[in-house]
Asks: 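Okay, here's the structure, questions in a sec.
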Amino acid sequence: MATKVHMEALSPTMEEGQVVKWLKDEGDAVTQGDILAEIETDKATMELVARGDGVLRKILVAEGVAAPVGDVIAIIAAGDEDIAGLLAGLGSGSAATNGGAAVPAGEAGAGQSSETAGAAAGSARVSAAATAPEAAASTIPATAPVAAGRVKASPLAKRLASELGLDIRTVQGSGPAGRVIRRDIEAAAAAAASAPPVAPAVPPAVTVPAPAPGEDFVDIPLSQMRKTVARRLAESLGPVPHFFLTVDVDMTRALAARVRVNELLAAQGARASLNDMVIKAAAVALTHHPDCNAWWQGDSIRRFSRVHIGVAVAVPDGLITPVVTDAHAKGLGQISTEVRELAGRAREKKLQPHEYTGSTFSISNLGMFGIEEFTAVINPPEAGIIAVGAVEERPVVVGGEVVVQPRMRITMSCDHRVIDGAQGARFLATLKSFLEEPAAILI
């Protein structure tokens, strides 16, 4: 019996996906669990797996084309099965739809709630191109000549090769019919590790489409992430009644504490940044002010006892917001390590949905770009986000005298339906006190 391949909801906030690459061609044999295609969602590039056995008889959505979640994008059937009636029912052309019917159980992605779509920080976010494993593989000696066309390999072998940065086309398969399996990848990786090191390849420069000679402009198609950003910003800036509060923080003791903390973390191979200290301070401050650690639910306000901080991270074309769960209960070393690991996967578009959803409060920091002060856009259903500026030496009056201190401005965006002015001010006062006396959160 034929199996309809649907565009699955591969992320909690995904409404449509774009086919980046078909990994199977029409006529290829397919086994349930095989990776059929790479799909660009609103957050990352994910793998679409087969939900049935047979032959990939028809591809309905070409590479580079987007289709709504639930649409039928391909057909798997037996090689001799008549699918003409099925195709006629779907209609001809590209993205064939399922007529609005519910996607059959087991074929669509899990019905995950759209808790959060990543904090919409002060600047817009766009999708980053997936990192090609071939680029990383250039530093690994080939174990066999590069094969042309598709490579027969198990899904586990493909995933392992990608994680190890190994070009699977260079691996000689030992499975049935020359299929590359796990032990082949492990053997190739071991051989590469014992080989003499070679100079790393220089990654290609990021190119931006430019108008051709004589043209006044160029239209750039929207990525899935950019489409989601546009929708989410409209949902936030329009319906959410923002107001803003700013504090100026003396960072003298925080800078000194960071030096001492990094001396202690050096033995663990970790190193805390000022942003890590802000994450920790904000998380602890939110435990004192749960009215700010909340979501607007439409007919209720949900206040959280645990603090999950969404941290805006720059990727090649914008921002994405991984989540540090239970940040209030973690030390600076652990926060630092997690942020760096999450940021690395974010830049490679390898974050899993649970790593960028569920934040209860968000932080956006543009201080590294020399921005003194800015406002960030609230990420619904969260009720607040802080925008962190640069630490700068500024003259201030202390005890009737003008002195120079390292100062940092923090601006909080509040959803007035959840947080009143006094509540936001009290939270910022606590955050300021923790940063000006960091021993309060480090002991």
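Keep in mind the model is a prediction, meaning the values are calculated, not measured. Starting from 1, each residue takes its place in the sequence as its number.
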Asks: Check the pair Val311, Leu342 against side chain to side chain contact (heavy atoms under 4.5 Å, CB included), reporting the backbone distance first and the verdict last.
Replies: CA-CA 10 Å; Val311 184; Leu342 288 168; over 6 Å; no
Asks: Check each of Val69, Leu48, Thr41, Ile73 against Glu8 using the side-chain contact (heavy atoms from CB on, under 4.5 Å) test, and report the only one that passes.
Replies: Leu48
Asks: What's the spacing between Lys21 NZ and Leu36 CG if we round to 0.5 Å?
Replies: 14.0 Å
Asks: To the closest 0.5 Å, what do you measure between CG (Leu274) and CE (Met368)?
Replies: 9.5 Å
Asks: Any side-chain donor paired with an acceptor under 3.5 Å for Asp250 and Thr252?
Replies: yes
Asks: Rounded to the nearest 0.5 Å, how far does CD of Glu341 lie from CD of Glu355?
Replies: 9.5 Å
Asks: Measure across Phe244 and Thr411 and return the closest heavy-atom pair with its distance rounded to 0.1 Å.
Replies: CB-CG2, 4.2 Å
Asks: Roughly how far, to the nearest 0.5 Å, is the CD atom of Glu373 from the OG1 atom of Thr246?
Replies: 4.5 Å
Asks: How long is the gap from CG on Leu332 to CG on Leu264, to the nearest 0.5 Å?
Replies: 10.5 Å
Asks: So, for Gly17 and Ile39, which heavy atoms are closest and what is the spacing to 0.1 Å?
Replies: CA-CG2, 4.0 Å
Asks: Go through the steps to decide whether His242 and Cys414 satisfy the test side chain to side chain contact (heavy atoms under 4.5 Å, CB included), and finish with yes or no.
Replies: CA-CA 6 Å; His242 287 60; Cys414 305; over 6 Å; no
Asks: Check Trp296 against Arg417 and note the closest heavy-atom contact, atom names and distance.
Replies: NE1-NH1, 3.1 Å
Asks: Please name the pair of heavy atoms, one in Gln297 and one in Arg302, separated by the smallest distance, quoted to 0.1 Å.
Replies: NE2-NH2, 3.1 Å
Asks: Walk me through it: do Ile410 and Leu431 pass the test side chain to side chain contact (heavy atoms under 4.5 Å, CB included)?
Replies: CA-CA 10 Å; Ile410 298 176; Leu431 174 57; 4.0 Å; yes
Asks: Can Lys24 and Asp34 be said to form a salt bridge (charged side-chain N to carboxylate O under 4.0 Å, His left out), step by step?
Replies: CA-CA 9 Å; Lys24 295 284 187 179; Asp34 282 356; 3.6 Å; yes
Asks: Can you tell me how far CZ of Arg303 sits from NE2 of His289, rounded to the nearest 0.5 angstrom?
Replies: 12.5 Å
Asks: Would you find more than 12 non-hydrogen atoms of other residues, nucleotides or ligands less than 6.0 Å from Lys330 atom NZ?
Replies: yes
Asks: Do Pro241 and Asp415 touch side chain to side chain, with heavy atoms closer than 4.5 Å?
Replies: yes
Asks: Name every donor-acceptor pair, under 3.5 Å, that has one atom in a side chain of residues 387-402 and the other anywhere in the protein, sequence neighbours excluded.
Replies:
unit_1	atom_1	unit_2	atom_2	d
Arg394	NH2	Asp248	OD1	2.4

Asks: Report the C-alpha separation of Val65 and Glu63 in whole Å, then their side-chain angles, then the decisive distance to 0.1 Å, and conclude whether the side chain to side chain contact (heavy atoms under 4.5 Å, CB included) test is met.
Replies: CA-CA 6 Å; Val65 177; Glu63 293 179 356; over 6 Å; no
Asks: Evaluate the side-chain proximity of Arg258 to Asn262: yes if any heavy-atom separation is below 4.5 Å, no if none is.
Replies: yes
Asks: Students often mix this up, so state it plainly: with edges at 30° and 60°, are the rings of Phe243 and His416 parallel, tilted or perpendicular?
Replies: tilted
Asks: Taking all atoms of both residues into account, what is the closest heavy-atom pair of Ile279 and Ala327, and its distance?
Replies: CG2-CB, 4.2 Å
Asks: Identify the two heavy atoms, one from Ala50 and one from Val30, that lie closest to each other, and give their separation to 0.1 Å.
Replies: CB-CG1, 3.4 Å
Asks: Restricting to side-chain hydrogen bond (donor to acceptor under 3.5 Å, both in side chains), what partner residues turn up for Asn293, sequence neighbours left out?
Replies: Thr360
Asks: Aromatic ring centroids of Phe434 and His288 under 6.0 Å?
Replies: yes
Asks: With a 4.0 Å cut-off, would you call Arg340 and Asp276 a salt bridge?
Replies: yes
Asks: Among Asn379, Ile386, Ile385, whose side-chain contact (heavy atoms from CB on, under 4.5 Å) with Phe361 holds?
Replies: Ile386
Asks: Around atom CZ of Phe369, are there more than 12 heavy atoms from other residues, nucleotides or ligands closer than 6.0 Å?
Replies: no
Asks: Do Glu348 and Arg345 sit within salt-bridge range, that is, some charged N less than 4.0 Å from a carboxylate O?
Replies: no
Asks: For the residue pair Glu47 and Leu23, establish whether any side-chain heavy-atom pair is separated by less than 4.5 Å.
Replies: no
Asks: Is any side-chain heavy atom of Cys292 less than 4.5 Å from a side-chain heavy atom of Arg426?
Replies: no
Asks: Is Asn365 reaching over with its side chain to a backbone N or O of Asn275, donor-acceptor style, under 3.5 angstrom?
Replies: no
